[in-house]
Participant: 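Can you keep this structure in mind? I'll have questions shortly.
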Amino acid sequence: RLAGGWGRLLHDRLCAPVLVDIQSIIRNHIETRWLPVFLTTPAFNERQQQRLRQVKGTWMTSAGEILALRRALLDPVTCHQFRRFVSLKGDFLENDILFWLEVQRYKVRLNETGPW
């Protein structure tokens, strides 16, 4: 009893609106204070330059292509075929798709039940 335990943790936790407010304050602090500092570091600038060199000569996607891919991934048959295709390419691309699908499932559950 004196040490707390799981029951004590459940009883002493913050309510959802307080957590959302705290999250908002922290995100604002990070975006206004630390993000500008990070964006001006030499390491970040070097990574951006490397990315620009890699992107040159490759294709860029349009919003329409992104929406088409999203619709395709939401269709179970097309999604399975695409996962099989990218699994042959390596580089853990299939894991990225599985992660995206799980995020979409989470969003649906969140919309059905509400955040708290």
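These figures come from a predicted structure and were not determined experimentally. FYI, the numbering just counts along the sequence from 1.
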Participant: How many angstroms lie between CG in N28 and CZ in R33, if you round to the nearest 0.5 Å?
Facilitator: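 Reported to 0.5 Å precision, the distance equals 13.5 Å.
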
Participant: Report the distance from atom CZ of R83 to atom CG of L88, rounding to the nearest 0.5 Å.
Facilitator: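 Rounded to the nearest 0.5 Å, the CZ-CG separation comes out at 12.5 Å.
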
Participant: Measure the spacing between CZ of R27 and NE2 of H29 and express it to the nearest 0.5 Å.
Facilitator: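 R27 CZ to H29 NE2: 14.0 Å, rounded to 0.5 Å.
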
Participant: So, taking the atom named CG in L35 and the one named OG1 in T40, what distance separates them when rounded to the nearest 0.5 Å?
Facilitator: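 It comes to 9.5 Å.
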
Participant: Taking I30 as the starting point, is it possible to reach I22 by hopping between hydrophobic residues whose side chains are less than 4.5 Å apart?
Facilitator: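 Same cluster.
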
Participant: Stepwise, does the side-chain contact (heavy atoms from CB on, under 4.5 Å) test hold for L93 with I97?
Facilitator: CA-CA 7 Å; L93 295 173; I97 293 170; 5.6 Å; no

Participant: What is the distance from atom OG1 of T41 to atom CZ of R47, rounded to the nearest 0.5 Å?
Facilitator: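 Spacing of OG1 (T41) from CZ (R47) equals 6.5 Å.
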
Participant: Using the rule that two of Ile, Leu, Val, Met, Phe, Trp, Tyr join whenever any of their side-chain heavy atoms come within less than 4.5 Å, decide whether W100 and L69 are in one cluster.
Facilitator: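 W100 clusters together with L69.
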
Participant: Might you work through the side-chain contact (heavy atoms from CB on, under 4.5 Å) test for V18 and D21, ending with a clear yes or no?
Facilitator: CA-CA 5 Å; V18 172; D21 287 344; 5.7 Å; no

Participant: So which atom in L101 and which in C79 form the shortest heavy-atom distance, rounded to 0.1 Å?
Facilitator: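 Scanning both residues completely, I find the closest heavy atoms to be CD1-SG, 3.4 Å.
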
Participant: Determine whether more than 12 heavy atoms belonging to other residues, nucleotides or ligands lie under 6.0 Å from atom OH of Y106.
Facilitator: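 Atom OH in Y106 is not crowded, with 12 or fewer foreign heavy atoms closer than 6.0 Å.
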
Participant: Indicate the atoms forming the closest heavy-atom contact of S87 with E94, along with that distance.
Facilitator: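 Closest approach of S87 to E94, heavy atoms only: CB-OE1, 3.4 Å.
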
Participant: Going from OG1 on T78 to CZ on R71, what distance comes out if it is rounded to the nearest 0.5 angstrom?
Facilitator: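 These two atoms lie 11.5 Å from each other.
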
Participant: Report, as yes or no, whether the 6.0 Å neighbourhood of atom CZ on F44 holds more than 12 heavy atoms from other residues, nucleotides or ligands.
Facilitator: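 For F44, atom CZ is crowded (more than 12 foreign heavy atoms under 6.0 Å).
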
Participant: Any chance CZ of R84 has more than 12 other-residue heavy atoms, nucleotides or ligands included, within less than 6.0 Å?
Facilitator: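 Counting other residues, nucleotides and ligands, CZ of R84 stays at 12 neighbours or fewer.
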
